[in-house]
Every structure is written in C-alpha cells, then in structure tokens.
Amino acid sequence: EGCLLQLTSITQDLPAFAGRLSAAQFNWRESPGRWSVGQCVEHLNITTERYLPVLSQQIAAARTRGLVSQRLFTMGLLERAFFRMIEPPVKMRVKAPKAFVAPPDLPVEATVSRWRALHEQLAACIGSADGLDLGAIKVRSQFGPVSFTLGGTLSILLAHERRHTWQARGVLNAAGFPRD
C-alpha cells in the first residue's frame, strides 16, 4: 500500500512538468555530460521496462510457493545503504550502465506517454504483490550482480524514480535553460 501511494505521488508529479515542455526544453542539457529532462524520463522508462518482467515472474513464483505474510517489511543493511545512496537529495552521482542511458533527442509526447503506460503496469505489478512476504522473495538487480528482497527492490525502484524526477526538476532550474 505504501509503495502504491509513493508511485501515485511520482505519477502525478513528473508528467505535470515534463509533459508541458517544448521539444527543445525537453531535450536541453546543461552540458554534454549531464542529462536532459527527456533523458531522465527515458532512463526511468528503460529501468521500469527491464524490471517489470523480473518483478512479475518473482511475484508469480512466490504466489505459487505460498510465500505470504502479514508482517511488516524492513529492509536489510545493504538495501538501506543502497536506498540512502539513491534517495534525493542526491549526495553522490553514479554513472548509469550504458544499457540504461537514454539517447539525447527524444519526442516529448511519446516519451511521457510511454512513461505513463509503464507506470500503470508497475502499479498493477506492485498491487499483485499484496500479502506476499516481501522479505522472503529475492529479485536480481538489473543494474549489477546483486539481489535484493522484493520489498527492498520496490523501495529502491521508487527512490530511483524520485531521484530522477528530482534530477529532471534540477534541469529546469539550471542556468541557460530555455524558458521559451
């Protein structure tokens, strides 16, 4: 339930500002090494697209195995450390793996529409985990050779969403951002 509330907040926030930008604004970058608003949104699209099948598969397998629980989920030490590293305000920049880096020129409407559709699927996926033992189900990270619990994975994915929404808002406030 908490994950769905967080996702709802993110789903209302990002399109409210990103969807209103012109193509020039959506694709503007402060410098060659920095991401545009569009690249932040598409990075989230790529990430969600990679995680959805993995999450769905693990949730279905957990249902089959009867891994249910009513106890509250708590993240482990590694999950908490990773969560704090990702949660905004960002204190440390991390280079994204090449497969997760978006191209520099993206269409506004198609990118934001894709983001909305993927987040509807993510909401359904999160809802399907209701009642499962979020601490007993392991999910392999799509970013590196580590696994987290399902609860940790969902918490980290939502922090990742907030991180890149925060980053996209920062682009809007950068010196030189085209206002027209």
Side-chain angles (χ1 to χ4, degrees), residues 1-15 18-19 35 38-88 90 94-103 106 110-168:
E1 209 173 274
C3 288
L4 284 173
L5 287 171
Q6 291 176 55
L7 186 62
T8 298
S9 176
I10 294 163
T11 303
Q12 291 170 349
D13 184 32
L14 191 133
W35 284 1
Q39 287 174 300
C40 291
V41 176
E42 184 60 17
H43 170 72
L44 293 174
N45 287 344
I46 294 166
T47 302
T48 303
E49 200 168 54
R50 290 277 296 265
Y51 267 95
L52 278 170
V54 174
L55 293 170
S56 296
Q57 179 183 24
Q58 292 304 97
I59 290 167
R63 287 257 176 244
T64 300
R65 294 190 333 245
L67 293 177
V68 295
S69 176
Q70 295 303 316
R71 68 184 167 99
L72 291 176
F73 167 76
T74 56
M75 284 191 278
L77 183 64
L78 180 62
E79 291 171 329
R80 283 193 312 268
F82 202 76
F83 177 85
R84 280 193 292 271
M85 183 179 80
I86 290 178
E87 185 72 43
V90 176
V94 179
K95 190 172 175 82
K98 198 172 198 168
F100 289 86
V101 177
L106 296 152
T111 305
V112 173
S113 291
R114 182 168 170 242
W115 185 89
R116 281 189 181 109
L118 286 165
H119 282 75
E120 285 176 17
Q121 292 175 46
L122 182 57
C125 185
I126 291 170
S128 74
D130 188 38
L132 291 176
D133 186 346
L134 300 179
I137 303 159
K138 297 295 183 185
V139 178
R140 183 164 171 79
S141 171
Q142 299 302 293
F143 286 96
V146 65
S147 291
F148 297 117
T149 63
L150 176 59
T153 299
L154 293 175
S155 297
I156 290 165
L157 278 174
L158 292 167
H160 181 255
E161 291 280 333
R162 288 188 294 274
R163 176 189 185 106
H164 290 292
T165 300
W166 178 83
Q167 180 183 4

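These numbers come from a predicted model, not from an experiment.
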Check your understanding: Got a second to check how far Y51's OH is from R140's CZ, nearest 0.5 Å?
Key -> 10.0 Å
Review point. Can you name the closest pair of heavy atoms from A129 and I59 and give their distance?
Key: CB-CD1, 3.8 Å
Review point. Under 3.5 Å, is there a donor-acceptor pair between the side chain of Q39 and the main chain of A102?
Key: yes
**Study point:** Value rounded to 0.5 Å, distance of CG in N45 from OG1 in T111
**Key:** 7.0 Å
Practice item. Could I get the full list of side chain to side chain contact (heavy atoms under 4.5 Å, CB included) partners for A124, not counting sequence neighbours? Key: none
Exercise for review: Would you check if V146 and L78 make a side-chain contact, meaning some heavy-atom pair closer than 4.5 Å?
Suggested key: yes
Review point. Is the side chain of S128 donor-acceptor paired with the backbone N or O of C125 at a distance under 3.5 Å, no angle test?
Key: yes
**Study point:** Main-chain N/O of M85 paired with R163 side-chain donor or acceptor, under 3.5 Å
**Key:** yes
Point to revise | Pairs where residues 52-75 contributes a residue and the test side-chain hydrogen bond (donor to acceptor under 3.5 Å, both in side chains) is met, not counting sequence neighbours | key: R71-D133
Revision key, fill the gap. Output for pair (L4 CG, S9 OG), nearest 0.5 Å, gives 12.5 Å
Point to revise | For F73 against G135, the heavy-atom pair lying closest together | key: CD1-N, 3.7 Å
Review point. Closest approach of L67 and A136, non-hydrogen atoms and distance?
Key: CD1-O, 4.4 Å
Review point. In terms of the angle between their ring planes, are F82 and F148 parallel, tilted or perpendicular, with boundaries placed at 30° and 60°?
Key: tilted
Review point. Hey, is CG on L72 packed in by over 12 heavy atoms from elsewhere, all under 6.0 Å?
Key: no
Exercise for review: Might you point out which heavy atoms bring G38 and L106 nearest each other, and give the distance in Å?
Suggested key: O-CD1, 3.3 Å
Point to revise | Closest non-hydrogen atom pair, F83 against A159 | key: CE1-CB, 3.7 Å
Revision key, fill the gap. Which of L150, L55, T153 passes side-chain contact (heavy atoms from CB on, under 4.5 Å) with I137? It is L150
Check your understanding: Between the side chains of T149 and E79, does any donor sit under 3.5 Å from an acceptor?
Key -> yes
Exercise for review: Using the test side-chain hydrogen bond (donor to acceptor under 3.5 Å, both in side chains), find all partners of D130 that sit at least two apart in sequence or belong to another chain.
Suggested key: none
Review point. Can you name the nearest heavy-atom pair linking A96 to V101, along with the distance?
Key: O-CG2, 3.9 Å
Exercise for review: Decide yes or no for H160 and L44: does some side-chain heavy atom of the first lie under 4.5 Å from some side-chain heavy atom of the second?
Suggested key: yes
Check your understanding: What distance separates T48 OG1 from H119 NE2, expressed to the nearest 0.5 Å?
Key -> 4.0 Å
Point to revise | Atom pair CD1 (I10) and CD (Q6), whose distance is rounded to the nearest 0.5 Å | key: 6.5 Å
Check your understanding: When the ring planes of F143 and H43 are compared, do they come out parallel, tilted or perpendicular, using 30° and 60° as the limits?
Key -> tilted
Review point. Got a second to check how far L157's CG is from I126's CD1, nearest 0.5 Å?
Key: 8.0 Å
